[in-house]
Amino acid sequence: MRPSILVIEDDPPIRKLLRMGLATQGYAILEAPDGRSALDLLARESVELVILDLGLPDMRGHDLLRAIRASHPGLPVVVLSSRDDEPGKVEALDHGADDYVTKPFGMAELLARLRAALRHQLAAQGERPVFGVDRLSVDLVRRIVRVDGAEVKLTPREYDFLRVLVLNAGKVMTHAQLMHAVSTSSDPQYLRVYMRQLRQKLEADPERPRILLTETGIGYRLRAPDDEPAHGPRAPGEAAPPPAESGA
Ligand code: CA
């Protein structure tokens, strides 16, 4: 059975873009232009992932998210939000959205987010023991971190943060989620210090990270193994960049 994706979006051109982009990847698609029809479809159809626009005509996207979380706890939800809505993104993530994509988005980026959300759902049963991306490898069973094959010593707290990021690779983790996961002080400054330390140990150039990426105003994202290397700043110009050159 093909995975079917429910697209909840009131804007017809964006629905069309999603329909075409997802079809090329072999996904079956269900479409809902508002919250009511989305809940209808969810009650009747088998859905494996939801793409949810936060700006809907008939209900608040966040309320719909909460309803989906309540009725379908394990169902991955990727949120579409506007560029300047950092608080809305954080609220969605903290209330159980798996990830977000900022409009206008490129199809390659959206597909990477969907893969990460689906992969994370599958990995929830059994975590992969060794994780590798770029020059980094992390053995979660033996707690060994290597960069270019050489073992790197992390402090226990640094390792805890890295472990959470590895278990959620490809997904954005909000500041609150990271702090909560390692149950530590809620001062974001504290988190920044640890992320900086990790970059100094893991990145070839800590000022231009390729592995541990910043989501400004939101949190951090560890690159997933099948992500494009350092997908630069989100192009304000729309349109799906082809998965072409992934040069350094
Ligand atoms: Ca909308």
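For the numbers below, each heavy atom of this structure counts, side chains included, while hydrogens, waters and symmetry mates do not.
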Would you check if [X] and [Y] make a side-chain contact, meaning some heavy-atom pair closer than 4.5 Å?
X	Y	result
L22	V7	yes
F131	L167	no
I51	L114	yes
F105	L17	yes
V145	E151	no
Q25	L111	yes
I8	L80	no
L93	I218	yes

Nearest 0.5 Å, what's the [atom1]-[atom2] distance between [X] and [Y]?
X	Y	atom1	atom2	result
M195	R199	CE	CZ	8.5 Å
K201	L212	NZ	CG	13.5 Å
K171	Q177	NZ	CD	7.0 Å
R115	L110	CZ	CG	10.0 Å
L222	R163	CG	CZ	13.5 Å
L191	R196	CG	CZ	11.0 Å

Taking NZ, NE, NH1 and NH2 as the nitrogens, is one of them in [X] or [Y] under 4.0 Å from a carboxylate oxygen of the other?
X	Y	answer
D134	R210	yes
K103	E9	yes
K89	E91	no

*Please lay out, stage by stage, how E48 and Y27 fare under the test side-chain contact (heavy atoms from CB on, under 4.5 Å).*
CA-CA 10 Å; E48 300 200 26; Y27 294 111; over 6 Å; no
Going by the rule side-chain contact (heavy atoms from CB on, under 4.5 Å), which residues pair with [X] if we only count those two or more places apart in sequence or in a different chain?
X	answer
M59	L39, L64
D10	D53, L56, P57
D205	E207, R208
S71	none

*Answer yes or no: is there a donor N or O on one side and an acceptor on the other, between the side chain of R69 and the main chain of G96, under 3.5 Å?*
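Yes; at least one donor-acceptor contact below 3.5 Å.
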*Please confirm whether the backbone N or O of L213 pairs with a side-chain atom of R221, one donor and one acceptor, at under 3.5 Å?*
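Flag not set: sc R221 to bb L213 has no pair under 3.5 Å.
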*Quick one: list whatever passes side-chain hydrogen bond (donor to acceptor under 3.5 Å, both in side chains) with N168, sequence neighbours left out.*
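Here the qualifying residues are H120.
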[X] to [Y] - nearest heavy-atom pair and separation:
X	Y	answer
D98	L75	OD1-O, 4.1 Å
S81	L54	CB-CD1, 3.9 Å
T102	S82	CG2-C, 4.0 Å
P104	R83	CD-NH2, 3.8 Å
D58	G35	OD1-N, 2.9 Å
V90	G217	CG2-O, 3.8 Å

*Return each pair, listed once, that meets salt bridge (Lys or Arg N to Asp or Glu O under 4.0 Å) where at least one residue sits in residues 25-34; pairs must be two or more places apart or across chains.*
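As it turns out, the salt bridge (Lys or Arg N to Asp or Glu O under 4.0 Å) pairs with a partner in residues 25-34, which skip direct neighbours, are R15-E31, R19-E31.
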*Which salt bridge (Lys or Arg N to Asp or Glu O under 4.0 Å) pairs, counting each pair once, include a residue from residues 38-47, with sequence neighbours left out?*
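Sorted result for residues 38-47: empty, none.
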*Begin with the C-alpha distance, continue with both residues' side-chain angles, and end with the deciding distance and a verdict on side-chain contact (heavy atoms from CB on, under 4.5 Å) for V78 and Y100.*
CA-CA 5 Å; V78 174; Y100 71 90; 5.8 Å; no
*Sorted by first residue and then second, give each ring-ring contact (aromatic ring centres under 6.0 Å, His included) pair with at least one member in residues 36-80; sequence neighbours left out.*
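Residue pairs with at least one partner in residues 36-80: there are none.
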*Take I5 and L30, measure what side-chain contact (heavy atoms from CB on, under 4.5 Å) needs, and give me the verdict at the end.*
CA-CA 6 Å; I5 295 185; L30 298 164; over 6 Å; no
Using salt bridge (Lys or Arg N to Asp or Glu O under 4.0 Å) as the criterion, list what pairs up with [X], not counting sequence neighbours.
X	value
R135	D148
R66	D63
R192	none

*For Y194, what residues pass the ring pair (Phe, Tyr, Trp, His ring centres under 6.0 Å) criterion, not counting sequence neighbours?*
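Per chain and number, Y194 pairs via ring pair (Phe, Tyr, Trp, His ring centres under 6.0 Å) with F161, Y190.
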*Would you please test L154 and L198 for side-chain contact (heavy atoms from CB on, under 4.5 Å) and show each step?*
CA-CA 8 Å; L154 298 186; L198 275 174; 4.0 Å; yes
